[in-house]
J.: 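Here's a structure for you.
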Amino acid sequence: MIENNSWRENTMPAIAVAPKPKRTLHVENIGNLSVALKDAATIPDAYLQPEGLRPDVPYDGFSKETELLPVLDLHNLSTGTADERQRIVNDIGYACKEWGFLQIINHGVPLRLIEKLRELAIIFFNLPAAEKEKASAGQVGYEGRHAYMPERVHWVETLTFVSGPVSNVEDILRLTCLDYTEEFIRSVNDYIHEMQKIVLVLLKLMAESLDLEKTFFAQHFEKNSTSVTRFNYYPPCPQPSMALGLFSHVDSNSVTILNQDEIGGLQIFKDGKWFSVKPSEDALVINVGDCLQAWTNGHFKSVEHRAVLNSVKPRISIAFFSSPHVHAVMAPPMKLVDDNHPLLYRPFTWAEYFPRMQKKRMEGKVGIDTFMRLDHKEDEDS
Ligand SMILES: O=C(O)CCC(=O)C(=O)O
Ligand SMILES: [Fe+2]
């Protein structure tokens with residue numbers, strides 16, 4: 001257990017102290033998946049996904065659509081002409097409306113730091129299971145066995161930190177006997193700082209693309225935002241076509257920045273089918289989460305995605321889930337509400353939304369539309 005809980009009081013209570021969902025499956029905590037199952041030919045039953053949920057497209061099944069996912073070069077933001085800057089604004093609006101996903105390059109986050117985080121993650125996840133377990137701390141820290149929904153266990157190990165306003169990176173890492181702790185703490189904190197900077201840039205561009213005040217969203221993220229950083233480690237899986245690294249889901253926060261290695265495994269559901277996002281070394285993947293979908297009255301899309309596995313190489317991804325201040329009211333501006341776009345969701349705060357979303361997720365309901373829409377009779381199932 002973590003003894004110094006000061007970060008819990010200072011950060012968003014819902015993330016830090018919400019009770020851990022009850023597990024109904026009693027699967028042994030496999031802990032270090034990669035070591036325990038390295039030479040296994042088959043995976044434990046608990047990891048077998050029901051037939052309809054198994055991945056139909058392999059991790060490297062890059063199709064033509066893959067090439068269409070918008071890649072935005074942010075270089076011209078500071079150096080380009082007004083037209084070039086406007087093109088970036090238009091492109092980000094298009095990507096958030098049509099895809100809910102995009103990649104950014106020349107984003108200003110030092111590439112060395114991006115790589116460094118992935119290297120540090122590999123070192124952490126290769127620690128002995130007992131050592132990693134020391135960094136378990138409820139909903140944050142290390143988790144070796146993931147059942148986002150009780151009946152589905154996912155082939156992933158994670159390490160999660162609260163990222164703002166007070167970070168618990170140090171509290172968690174000091175519980176392990178890593179001899180590189182100082183470097184890890186410094187690098188993760190530097191990284192979080194960079195992510196916060198880039199989120200503000202993106203939120204301003206997104207607001208501009210909707211013809212809103214530049215700071216319409218960003219002002220709520222500047223101080224006391226409630227972000228979370230999660231390292232995902234997907235060990236090679238002997239039966240990748242029968243398991244999932246991460247089930248099909250939508251992100252519940254506002255904007256996610258995903259730093260993934262060169263292996264591939266992220267898939268997006270678009271136009272009725274899954275396709276793999278081709279990793280690009282110096283790109284960060286951005287996606288719209290449920291809160292931003294509601295906040296934009298559905299103009300921006302929060303799109304289903306998942307992580308699929310391969311049998312050869314471990315894969316690392318690092319997700320920065322950004323959310324506004326816990327009491328910021330997410331209400332769409334009237335500009336985004338008209339006859340063609342009637343108001344879809346009632347205004348809410350993250351403090352109100354997060355615990356309800358977690359409960360719904362454990363009931364197997366994915367996405368804000370299952371409980372926050374105005375046309376949904378929520379009392380029937382709350
Ligand atoms: O690892 C990936 O590619 C996806 C990660 C993700 O979607 C998440 O952490 O929410
Ligand atoms: Fe996600």
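Just so you know, ligand 1 is whichever comes first in the structure, and atom 1 is the first atom listed for that ligand.
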J.: Quick check on contacts: which atoms of ligand 1 are under 4.0 angstrom from a heavy atom of His305?
T.: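 Heavy-atom distances to His305 below 4.0 Å select 7 (O).
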
J.: Within the 4.0 Å heavy-atom shell around Ser317, which atoms of ligand 1 are there?
T.: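 Heavy-atom distances to Ser317 below 4.0 Å select 1 (O), 2 (C).
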
J.: Between Lys132 and Glu143, does any NZ, NE, NH1 or NH2 come within less than 4.0 Å of an OD or OE carboxylate oxygen?
T.: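 Salt bridge: no.
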
J.: Does the gap between the ring centers of His154 and Phe247 come in under 6.0 Å?
T.: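 Ring centroids of His154 and Phe247 are less than 6.0 Å from each other.
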
J.: Is there a heavy atom of Arg230 sitting under 4.0 angstrom from any atom of ligand 1?
T.: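 The answer is yes: ligand 1 sits under 4.0 Å from a heavy atom of Arg230.
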
J.: Sub-3.5 Å donor-acceptor pair from the side chain of Asn106 to the main-chain atoms of Asp73, do we have one?
T.: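 No; judged by distance alone, with no hydrogens or angles, the pair does not exist.
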
J.: Within 45 degrees of the axis of the six-membered ring of Trp99 and under 6.0 Å from its centre: does Lys301 put its NZ or CZ there?
T.: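 Geometry flag: not set, cation outside 6.0 Å or 45°.
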
J.: Taking only heavy atoms of Leu258, which atoms of ligand 1 are found under 4.0 Å from at least one of them?
T.: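 Ligand 1 atoms under the 4.0 Å threshold to Leu258: 2 (C), 3 (O), 5 (C).
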
J.: With a 4.0 Å cut-off on heavy atoms, is Arg306 touching ligand 1?
T.: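 The answer is no: ligand 1 sits nowhere under 4.0 Å from a heavy atom of Arg306.
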
J.: List the closest protein heavy-atom neighbour of atom 6 (C) of ligand 1: residue, atom name, distance to the nearest 0.1 Å.
T.: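 Checking every protein heavy atom, the shortest distance to atom 6 (C) of ligand 1 gives Leu246 CD2, 3.4 Å.
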
J.: Thinking salt bridges, do Glu183 and Lys116 make one under a 4.0 Å N-O criterion?
T.: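 Between Lys116 and Glu183 there is a salt bridge, with a charged N closer than 4.0 Å to a carboxylate O.
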
J.: Does this structure show an ion pair linking Arg87 with Glu84, if we count only N-O contacts that are shorter than 4.0 Å?
T.: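 No, Arg87 and Glu84 are not salt-bridged.
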
J.: Can a non-hydrogen atom of Arg315 be found less than 4.0 Å from any atom of ligand 1?
T.: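 Within the 4.0 Å threshold, so yes.
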
J.: Just to be sure I read this right, does ligand 1 sit under 4.0 Å from the backbone of Thr256, its side chain, both, or neither, counting only heavy atoms?
T.: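 Near ligand 1, Thr256 shows nothing, with every heavy atom at 4.0 Å or more.
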
J.: Measure up the Tyr233 and Phe125 rings against each other and bin them: parallel (under 30°), tilted (30 to 60°), perpendicular (over 60°).
T.: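 Judged by the thresholds at 30° and 60°, the geometry between Tyr233 and Phe125 is parallel.
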
J.: Using a strict 4.0 Å cut-off to heavy atoms of Tyr234, name the atoms of ligand 1 that fall inside it.
T.: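 Near Tyr234, the atoms of ligand 1 are 1 (O), 2 (C), 4 (C), 5 (C).
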
J.: Which atoms of ligand 1 have any heavy atom of Phe321 under 4.0 Å away?
T.: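 Reading through ligand 1 atom by atom, the close ones are 8 (C), 9 (O), 10 (O).
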
J.: For the atom pair OG1 (Thr160) and CZ (Phe231), what is the distance rounded to the nearest 0.5 Å?
T.: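 Answer for the OG1-CZ pair, Thr160 versus Phe231, is 9.5 Å.
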
J.: Out of the N/O/S atoms in His305, what is the name of the one closest to the Fe ion (ligand 2)?
T.: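 Going by distance to the Fe ion (ligand 2), the closest N, O or S atom in His305 is NE2.
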
J.: For atom 10 (O) of ligand 1, what's the nearest protein heavy atom and its distance?
T.: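 It is His249 NE2, 3.0 Å.
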
J.: Quick one: report the N, O or S atom of His249 that is nearest to the Fe ion (ligand 2).
T.: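 Result: NE2.
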
J.: Measuring from the Fe ion (ligand 2), name the closest N, O or S atom belonging to Asp251.
T.: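 In Asp251, the N, O or S atom with the shortest distance to the Fe ion (ligand 2) is OD1.
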
J.: Do Tyr234 and Trp155 make the cut of ring centroids closer than 6.0 angstrom?
T.: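 Not under 6.0 Å, so no.
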
